[in-house]
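Positions are given from 1 along the sequence.
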Amino acid sequence: MAQRVLVVEDEEDIAFPLVRTLERDGYDVAWVDSGERALKDLDDMPADVVILDLGLPDMDGLEVCKRARDAGYAGAIIIVTARAGELDRVVGLDYGADDYLSKPFGLAELQARVRALLRRTSAGFSRDGTEVDPDSLRIDAAARRVYSGETEVPLTGKEFEVLSILAAHRDKVVSRGRLMAEVWDENWYGSTKTLDVTIGRLRQKLDSVGVTDKVVAVRGVGFRLEAGQTD
């Protein structure tokens, strides 16, 4: 079943290109032009990702975000706004958003953000959609927190990003280049030893709380998250 994206945008000239682009990517896309319609749509049929404009005609997008979270919506929310400034961004994240895009933005950037959020939100589930063992590694994408059973694993932002990507591709090798591009920046010119240091700290923290999953290095290629041996 295709993953569902809800676009909440009152300007047709912005909404239509978004909808067409996401549909070409294979998503099931719905579009509404007000906050109330967005909340009703989520109540009727939950989405995997919500792309939410702040400047809606009937209510502020931040209120939509807050009400959706209060109602139990656990999917990803990307806030899109013409507002500028760090304060708006911080407030949006405090209201429960997962990511933030300032207008104008490129469609390619939006596509990349959607893919990244879908990887994170699916990281706590197996490939067939069933929830993993609650006593194993668990990633709460909305809260950006990681648990081993009921014990939280204290990770930095970069450690969380690396683990989320590896978990979304469990048992498959993720190249060093891909990790550097997605966690840092595709134009990163620093040493790739930064990745090795981050992986080293991540391993130590997972081991310290008894996580049996292992981050395995594949020499000359990248890293893989795989299940460890239990007693």
* Write out all pairs satisfying salt bridge (charged side-chain N to carboxylate O under 4.0 Å, His left out) with one or both partners inside residues 15-25, taking only residues at least two apart or from two chains. => none
* Could you walk me through whether Arg67 and Met59 pass the side chain to side chain contact (heavy atoms under 4.5 Å, CB included) check? -> CA-CA 11 Å; Arg67 286 173 58 178; Met59 70 174 72; 3.3 Å; yes
* **Closest approach of Leu195 to Val162 (non-hydrogen atoms, all atoms of both residues)** => CD1-CG2, 4.4 Å
* Asked: Counting only heavy atoms not in Arg37, do more than 12 fall under 6.0 Å of its CZ?
  -> no
* Asked: Listed by chain and number, what are the side chain to side chain contact (heavy atoms under 4.5 Å, CB included) partners of Glu11, not counting sequence neighbours?
  -> Glu9, Asp13, Ile14, Lys103
* Sequence neighbours excluded, which residues qualify as salt bridge (Lys or Arg N to Asp or Glu O under 4.0 Å) partners of Lys205? -> Glu159
* Asked: To the nearest 0.5 Å, what is the distance between CD (Glu36) and NZ (Lys40)?
  -> 11.0 Å
* **Hydrophobic cluster membership, Val183 vs Val173, 4.5 Å side-chain cutoff** => no
* Asked: Is the NZ atom of Lys158 crowded by more than 12 outside heavy atoms at less than 6.0 Å?
  -> yes
* OG1/Thr212 to CG/Leu206 distance, rounded to the nearest 0.5 angstrom? -> 10.0 Å
* **Other cluster members, Met45 - Ile/Leu/Val/Met/Phe/Trp/Tyr, side-chain contacts below 4.5 Å** => none
* To do: Name all residues meeting the side chain to side chain contact (heavy atoms under 4.5 Å, CB included) criterion together with Asp43; count only those two or more places apart in sequence or in a different chain, and write none if there are none.
  => none
* Residues in side chain to side chain contact (heavy atoms under 4.5 Å, CB included) contact with Arg113, at least two apart in sequence or another chain -> Ile78, Asp99, Leu101, Glu109
* To do: Compare every heavy atom of Ser34 with every heavy atom of Val8, then report the nearest pair and how far apart it is.
  => CG1-O, 3.9 Å
* **Asp60 side, atom CG; Lys66 side, atom NZ - distance, nearest 0.5 Å** => 12.5 Å
